[in-house]
Every structure is written in C-alpha cells, then in structure tokens.
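Notes follow once the structure below has been shown.
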Amino acid sequence: MINLKQDRRNFIGSVALLAGSFVIPNQLFALPKREKYKIAVIDLMILKRQKISALQLTKDIGADGLEIDMGGLGDRETFDNKLANPLVRQEYLDKAKELNLEICSLAMTGFYAQSFATRPTYKKMIQDCLDTAKAMNVKVVFLPLGVQGDLVKNPELREPIVERLKVAGKLASKAGIVIGIESALDANGELQLLKEVGSRYVKSYFNFSNAIKNGRDLHQELRILGNRNIIQIHSTNEDGVWLQNDPKVNLLKVKDTLDNMGWSGWLVVERSRDANNTKDVKRNFSANTSYLKSIFQSIK
C-alpha cells in the first residue's frame, strides 16, 4: 500500500531543499535605504553663493544636499536672485540630478542684516523666494529674523513681526512650502511665537549655536519645540573647532534626543570651522559633514 503521508513529507522536503539551493542573499533584493537624517551644506558658507559650482563642491565635501541662498539684498526691492531665470534654475536642477544631490532649502539670509519688521517690500521678497522654491520643487525656505529682528533686545517689534509672519504663512500655504524661522528667543519663547502666528507653514529652523552661546540646554530646547515644530536644523556651533572636537556638542546625545522625539530631516552644516584655518572650505566642511554622517547615518 502507498504511504501517502510519507510521500507528502518527502515531497515537501524535496521542494524545500530545492528552494534552498536557489536562495539569494536578502541584501541583493534590498531597496536603497532612505536615510532618516540627511546632511547638507550652505552655498553662502562654502563661499559659492548662487554659483552652480557649489553643487560640485557639495559633492566633493560628501554632503547629501545643498541650501541655496536667494542672493544679496542691500537697498534692492528684492533679492539679487539669479535663480529667477528659468535657464539658470534648470542648470541647477540638471546638475543636482547628475551629482545625485538634493536642494534641501532656499535661504533668505539678507534678513540677517535687514529688518523683517520694517522692510517695506517684505511681501514681494517672501513671494519671490516661494516662487523660486516652487519652481525648483524645494519644500522649505529659511527666514532668519536677524539682528534687527532680535525679539529679546527689541520686544516692541513682536507685534509687527507676528503680523508679517501671518502674511508670510498665508503665502507659504498657497505655495505648499514651509518657512523655517530663526529667532533669538529661547525654545519656550519661540514656541509661543509660533502659536501666535498660527500657521503650520511657519516652523522653527533650529540652530545649535543659538542655544549653546546663550547657555541653554540644547536637548531640552529641542524637546520643548518638539517634533512638529522643527522643520530643519543648523547643526553646528560657532567657529572655533570642528564638531568632533567640540566639548559643547554631544552629537550622540543629540541623535538620541531627536530619535526619541521622532524627528527626521535635514541637518545643515553652517559653521564649526577650525579657528586656525577658517578659509580651508573643503577641509572644514568635509570634516563636519563626515562626523555628522558617522553619527546620524551609521548602520546599527
């Protein structure tokens, strides 16, 4: 009599053995890992403001992306923005694609020195930045409130700044782009400012150095602002030493803090240059980029 049960077991075992002989390592099928944290540099800080050669330098530095400045301001009605030219924009986009780089944000650094609270053409400037970002499929723009918009030293400017940020938020909402602001306020103060503005298109562009130079707890500041209110991070300190040599910045602890918050996004290298050799752009920014990657993109 045929033993059906035994034959079935033999058949299954044979199939399993045959399948096993064709097993291919899982990593051959693995999809490219999407990094939770990406590292960028700033064209202005690598001395390539609105120069397409910034992209190749970014690649040479080893970063994943670039923050592009909108250009100088001075007494102009708006930024001296070469990217307003569609041909120039396309050159940037083509080069970024060729180098496998992303443009993480556009920066309105002209407001570091100019007054966002009183500048008469602020609305046009914001709109020009948003239009450029939208044309380049960039989802974040950076707006520093700057020296003249320091709400710690000039609290009387709070009302006009809030009103202007509300206008900016409405413009950003129509464009589908987030404005990341940097203020002189501590985390509680900036959180309150964001609440007064009341737009999910206006968030905090956090800066390590603001917390550190004012003696605040960097990790507590991050936690107070929280996952939903931080859009990007300038992840360096003031110039002096590289991040890896800076006793004021514990990046392993920062990563734990951000991981626990559930935050992910762009860490943008702004400063932390070696004070003994600040002009060696490639060396300074490569060192900080490499160290950030070793912490935030390491395989666990």
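Here the structure is a predicted model, which is why all the values come from computation and not from measurement.
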Chi angles and distances behind the side-chain contact (heavy atoms from CB on, under 4.5 Å) call for I103, M136: CA-CA 8 Å; I103 299 169; M136 300 181 77; 3.6 Å; yes
Contact list for residues 224-275, test ring pair (Phe, Tyr, Trp, His ring centres under 6.0 Å), sequence neighbours left out: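 Of all non-adjacent pairs touching residues 224-275, those that pass ring pair (Phe, Tyr, Trp, His ring centres under 6.0 Å) are F142-H234, Y205-H234.
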Going from [atom1] on [X] to [atom2] on [Y], what distance comes out if it is rounded to the nearest 0.5 angstrom?
{"X": "S286", "Y": "I46", "atom1": "OG", "atom2": "CD1", "result": "10.0 Å"}
{"X": "L157", "Y": "T118", "atom1": "CG", "atom2": "OG1", "result": "7.5 Å"}
{"X": "L251", "Y": "S235", "atom1": "CG", "atom2": "OG", "result": "7.5 Å"}
{"X": "L191", "Y": "L185", "atom1": "CG", "atom2": "CG", "result": "11.0 Å"}
{"X": "E35", "Y": "L267", "atom1": "CD", "atom2": "CG", "result": "11.0 Å"}
{"X": "I212", "Y": "D246", "atom1": "CD1", "atom2": "CG", "result": "6.0 Å"}

Salt-bridge contact D280-R273 (side-chain N to carboxylate O under 4.0 Å):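 Here D280 does not pair with R273 in a salt bridge, since their nearest N and O are not under 4.0 Å apart.
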Pair K166 + E196, salt bridge at N-O below 4.0 Å: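 No salt bridge links K166 with E196.
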Would you mind reporting whether [Y] and [X] have side-chain heavy atoms less than 4.5 Å apart?
{"X": "K293", "Y": "D64", "result": "yes"}
{"X": "V268", "Y": "I233", "result": "no"}
{"X": "Y37", "Y": "I295", "result": "no"}
{"X": "I126", "Y": "L143", "result": "yes"}
{"X": "F79", "Y": "T132", "result": "no"}
{"X": "D186", "Y": "E221", "result": "yes"}
{"X": "E67", "Y": "Q232", "result": "yes"}
{"X": "L193", "Y": "R158", "result": "yes"}

Quick check: does any side chain N or O of [X] sit under 3.5 Å from a backbone N or O of [Y], one acting as donor and the other as acceptor?
{"X": "R223", "Y": "M261", "result": "no"}
{"X": "D43", "Y": "A54", "result": "no"}
{"X": "R89", "Y": "L83", "result": "yes"}

How far apart are the closest heavy atoms of [X] and [Y], and which atoms are they?
{"X": "N284", "Y": "T278", "result": "ND2-O, 3.6 Å"}
{"X": "L106", "Y": "M70", "result": "CD1-SD, 4.1 Å"}
{"X": "S272", "Y": "D239", "result": "N-OD1, 3.2 Å"}
{"X": "I161", "Y": "G149", "result": "CD1-O, 3.9 Å"}
{"X": "H219", "Y": "T257", "result": "ND1-OG1, 3.2 Å"}
{"X": "Q148", "Y": "N154", "result": "O-ND2, 4.0 Å"}

Which residues share a salt bridge (charged side-chain N to carboxylate O under 4.0 Å, His left out) with E182, sequence neighbours left out: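 Scan of E182 (salt bridge (charged side-chain N to carboxylate O under 4.0 Å, His left out), adjacent residues dropped) gives none.
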Step-by-step side-chain contact (heavy atoms from CB on, under 4.5 Å) determination, L66 to K48: CA-CA 11 Å; L66 179 67; K48 296 280 187 180; over 6 Å; no
Over 12 non-hydrogen atoms of neighbours within 6.0 angstrom of CG in N100: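 At most 12 heavy atoms, drawn from other residues, nucleotides or ligands, come within 6.0 Å of this atom.
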Crowding at CZ, R76 (>12 non-hydrogen neighbours, <6.0 Å):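 For R76, atom CZ is crowded (more than 12 foreign heavy atoms under 6.0 Å).
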Worked verdict on K36 versus D259 for side-chain contact (heavy atoms from CB on, under 4.5 Å): CA-CA 9 Å; K36 181 179 179 183; D259 283 346; 3.2 Å; yes
Qualifying residues under side-chain contact (heavy atoms from CB on, under 4.5 Å), relative to [X], sequence neighbours excluded:
{"X": "D60", "value": "Q56, K282"}
{"X": "T121", "value": "E77, R119, M125"}
{"X": "N214", "value": "R216"}

Residue list, side chain to side chain donor-acceptor pair (under 3.5 Å) with [X], at least two apart or on another chain:
{"X": "K82", "result": "none"}
{"X": "N227", "result": "none"}
{"X": "N229", "result": "none"}
{"X": "S199", "result": "none"}

With the 4.5 Å side-chain cut-off for hydrophobic clustering, are [X] and [Y] part of the same group?
{"X": "Y112", "Y": "V147", "answer": "no"}
{"X": "V202", "Y": "V140", "answer": "no"}
{"X": "I231", "Y": "L292", "answer": "no"}
{"X": "L101", "Y": "Y92", "answer": "yes"}
{"X": "V138", "Y": "L93", "answer": "yes"}

Examine the side chains of [X] and [Y] and answer whether a donor and an acceptor come within less than 3.5 Å of each other.
{"X": "E238", "Y": "S209", "result": "no"}
{"X": "Q50", "Y": "N81", "result": "yes"}
{"X": "T78", "Y": "K124", "result": "no"}
{"X": "S183", "Y": "E190", "result": "yes"}

L218 and V254: CA distance, side-chain angles, deciding distance, side-chain contact (heavy atoms from CB on, under 4.5 Å) verdict: CA-CA 8 Å; L218 174 60; V254 170; 3.8 Å; yes
Audit row: E98, K95, salt bridge (charged side-chain N to carboxylate O under 4.0 Å, His left out) steps and yes/no: CA-CA 5 Å; E98 175 193 328; K95 190 65 176 178; 3.3 Å; yes
From CA spacing to verdict: side chain to side chain donor-acceptor pair (under 3.5 Å), Q192, N188: CA-CA 6 Å; Q192 181 58 39; N188 282 310; over 6 Å; no
With sequence neighbours excluded, residues passing ring pair (Phe, Tyr, Trp, His ring centres under 6.0 Å) with F206: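 F206 satisfies ring pair (Phe, Tyr, Trp, His ring centres under 6.0 Å) with no residue once adjacent residues are dropped.
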Contacts of type ring pair (Phe, Tyr, Trp, His ring centres under 6.0 Å), residue Y291, not counting sequence neighbours: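 None.
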Could you list the donor-acceptor pairs under 3.5 angstrom formed between side-chain atoms of residues 170-179 and any protein atom two or more places apart in sequence or on another chain?
none

